[in-house]
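Below is one structure, written out as structure tokens; comments come after it.
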Amino acid sequence: MLELIGTHYSYFAYVALVGIGLYAVIESSNLVKKLIGLNIFQVGIFLFFITGGYITGGVPPRVAEGGGPYVSPLPQVLILTAIVVGVSLTAVGLALIVRIYEEYGTLDEKVLSEAQINE
Amino acid sequence: MSETLALLVALPVLTALVPVVLGRIWQRAGWTVAFVGTVLHLALVVQLARAIRVEGTVSYAVGNFAPPIGIELVGDWISATLVGLVSIITLIVLIFERDRNDSSDAFYSELLLLTAGLSGIFVTGDLFNLYVFLEITGLATYALVATNPSPRAAVASLKYLLVGTIGASLYLLGVGYLYISTGTLNMADLSQQLAEVGYTSPLILTGFVLIMIGLGVKTALFPLHTWQPDAYTESSDSVTVHIAALVSTAAAYAIFRVTFAVFTPSFASAVPVALDALTIAALLSIILGSVFAIMQTNLKRMLAYSSVSQFGLVIVGVSVINETALVGSLVHLVGHAVMKAGLFIAIGGLSIVAGGYELEDMRGIAQRAPILSAGFAVLAFALVGVPPAVGFVGKWNIVLGAINSGDWIVAVVVVTSTLLTLAYFARVIERMYFNSPINIDQTAATDGGQARPSVPFQTRALVSILAFASVSFGLVAIQFIAAITPIVGGYLT
């Protein structure tokens, strides 16, 4: 088991990040913390992709220079795209949170649902 | 090779930039630009249909990188029909929006971005590309829901953003599992590689489960539907029409594509429990969606829960893995979009006359708004599945397919759902036609005989056209079925 953790620690980190992120989204009642949780959750998935394409001792795939083994570049490109998507989502989410705060004067989910019932 | 496929996505993206730029110098640029862009989009769909008629299934390698290494776009009769549906519904929304014209230019940019994202989902042949289009669709939808100035819309939009992003991320994670076990992302290539790796590999099973949970969130299947009723109810009427008709439809199409083009029916026979689980989720959606719909008093919310139930029907047609059921499911996918668009437009128009979206507001409304009420009734009965409307053709084929493959429970649930659908529509139609308007005299007295707010002509025209379409599509559905049966048959052999 220890050996597994030693060689596959990034996978353990991926599972931990995804778990922590989801927990934060579900358990935290502060909207900003929920969005932070969402980001941690996504970073976990990014780590999973990057780890999947990595080889210990691998070099960047510049084939003309010779030498190998190469690290797979495709997951890195995919995750670059996914990071852009994640940034846009965070921006839209934060814009919505600003608007909610202006309207209701709170960032707490429980206070917010009470305010909506009393409207 | 067909560049039309790439243009179907590129054109709306580029057009989306124009209203933002032009808006500085010309105030009402948004509507005109969006309308012209959507008409061009429809012209591209016609071009695509012509190419498909000559060459059969067309494909396009993005950036000239040959698939499976590059991204592939694929067009067949199913995707062409659905992209056509996207342009037509967008045109309808624009015409419906015209007379309410209080939207900013950014609204039209978002609408065009949504059109681009939806078109992308329908034509892509690559799993990661599908993720990107799902997120473009999602981002545009969150922004559109929030364009309604009410504070509740912002909360509904944020809820949708949190749930929708987790769904899309789980989909991405599932794609990662498939990529790690096969090294490819192209759908056609994956279907062969998956068979070589072996369908019972834990990586592939995990990938399937994660992808289906992710797409289930986007389709709003029970119990992943929690974002959907708020988003539909709190959006402005024109946004509700667009997202109710198209967004879940695109996700349901993605479930169909992934099940048949990537995992193929051999996966279903190797791991029957995976598809059985999907069937159970879909059956729960059908029953509970209808039950929740019966419990609602707000009509927009009722129609939202009705969508949960109807998408259960579409998914069950996919998950029983039977040619007839799959054809029925695709017919219902298109039919539902037409009928739901019509129903939401009718409710939007009726709310102007009635002054609200509540069930009790609709008492005796048929006397005051006869065309809208009649249109609503026709569309409601079409969705219930009264022959010869399109709702009947879809449900009939799903039931027939389920019986053919021996899934009696599915057949019984689908038939029962028809009765439940009738139950929630019957109480609306009863209020409309058989209850006398109790408040009208009081209102007239207190308002001092103020003129009644009038429903714009376009709204009445659109409801009439869509009501007519929902019945006549049922009659021409045979041609659509004839066009898609060879494609469906190709997946099943």
Side-chain angles (χ1 to χ4, degrees), chain A residues 11 14-15 18 21-22 24-26 28 31-32 34-35 37-53 72 74-75 77-79 81-82 84-107 109 112-113 115-117 119, chain B residues 68-71 110 113 117 126-129 131-181 183-185 203 210 214 230 234:
Chain A
Y11 288 103
Y14 136 65
V15 173
V18 166
L22 269 183
V25 175
I26 295 163
S28 170
L31 295 177
V32 177
K34 273 182 192 287
L35 208 61
L38 195 66
N39 273 295
I40 298 174
F41 170 69
Q42 287 190 311
V43 165
I45 295 173
F46 300 164
L47 180 64
F48 170 72
F49 266 82
I50 298 295
T51 310
S72 170
L74 186 62
V77 177
L78 299 181
I79 291 315
T81 316
V84 175
V85 172
V87 169
S88 326
L89 283 163
T90 311
V92 174
L94 287 173
L96 288 170
I97 289 174
V98 168
R99 205 177 122 192
I100 291 171
Y101 188 76
E102 279 172 358
E103 306 267 10
Y104 291 101
T106 180
L107 287 175
E109 194 187 31
L112 191 66
S113 51
Q116 284 198 321
I117 292 166
E119 241 171 33
Chain B
I69 293 169
I71 295 169
E110 286 152 12
L113 277 180
D126 183 280
L127 279 187
F128 185 78
N129 203 224
Y131 164 75
V132 175
F133 285 129
L134 275 175
E135 285 295 47
I136 293 176
T137 307
L139 275 166
T141 316
Y142 312 145
L144 279 172
V145 172
T147 50
N148 193 355
S150 90
R152 278 168 176 269
V155 180
S157 172
L158 186 69
K159 188 176 175 185
Y160 184 10
L161 184 140
L162 290 171
V163 180
T165 307
I166 291 176
S169 302
L170 288 176
Y171 169 81
L172 177 65
L173 192 55
V175 172
Y177 275 89
L178 297 189
Y179 173 70
I180 280 185
S181 54
T184 181
L185 291 165
L203 276 179
L210 288 170
D230 282 341
E234 306 304 339

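Worth saying up front: this structure is predicted, and the values here are computed from it rather than measured. Letters go in sequence order (proteins before strands), and every chain restarts at 1.
At least one side-chain heavy atom of B/L172 sits less than 4.5 Å from a side-chain heavy atom of A/F49. Between B/V175 and A/L78, the closest side-chain pair of non-hydrogen atoms is not below 4.5 Å. Residues A/L89 and B/Y142 are in side-chain contact: their nearest non-hydrogen atoms beyond the backbone lie under 4.5 Å apart.
Both the backbone and the side chain of B/L162 come within contact range of chain A, judged by heavy atoms closer than 4.5 Å. Using a 4.5 Å cut-off between heavy atoms, B/V155 touches chain A through backbone and side chain atoms alike. There is no contact between B/I136 and chain A, counting heavy-atom distances below 4.5 Å. Using a 4.5 Å cut-off between heavy atoms, B/Y179 contacts chain A through its side chain alone, with no backbone atom that close. Both the backbone and the side chain of B/L173 come within contact range of chain A, with heavy atoms under 4.5 Å apart. Heavy-atom distances place no part of B/S181 under 4.5 Å from chain A, backbone and side chain included.
The OH atom of B/Y171 lies 13.0 Å from the CD1 atom of A/I45; values are rounded to the nearest 0.5 Å. To the nearest 0.5 Å, atom OH of residue B/Y160 and atom CG of residue A/L96 are 13.0 Å apart.
Tested against B/L158 for a side chain to side chain contact (heavy atoms under 4.5 Å, CB included), the candidates A/L112, A/L94, A/I100 yield a single pass: A/I100.
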(request) Take A/L35 and B/L161, measure what side-chain contact (heavy atoms from CB on, under 4.5 Å) needs, and give me the verdict at the end. (result) CA-CA 10 Å; A/L35 208 61; B/L161 184 140; 4.1 Å; yes
(request) Apply the test side-chain contact (heavy atoms from CB on, under 4.5 Å) to residues B/Y131 and A/T81: give CA-CA distance (whole Å), side-chain angles for both, the deciding distance (0.1 Å), then the verdict. (result) CA-CA 10 Å; B/Y131 164 75; A/T81 316; over 6 Å; no
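For the pair A/F48 and B/G176, the tightest heavy-atom approach, listed with the atom from each and the gap, is CE2-C, 3.8 Å. When all heavy atoms are compared, the tightest approach of A/R99 to B/A146 is NH1-O, 2.5 Å. Residue A/A82 comes nearest to B/F128 through the heavy atom pair N-CZ, 4.4 Å, listed as atom of the first residue, atom of the second, then distance.
Of all the listed residues (B/L139, B/L170, B/I180, B/V132), the one sharing the greatest number of non-hydrogen pairs under 4.5 Å with chain A is B/L139.
The local environment of OH in A/Y11 is crowded, with over 12 non-hydrogen atoms from other residues, nucleotides or ligands closer than 6.0 Å.
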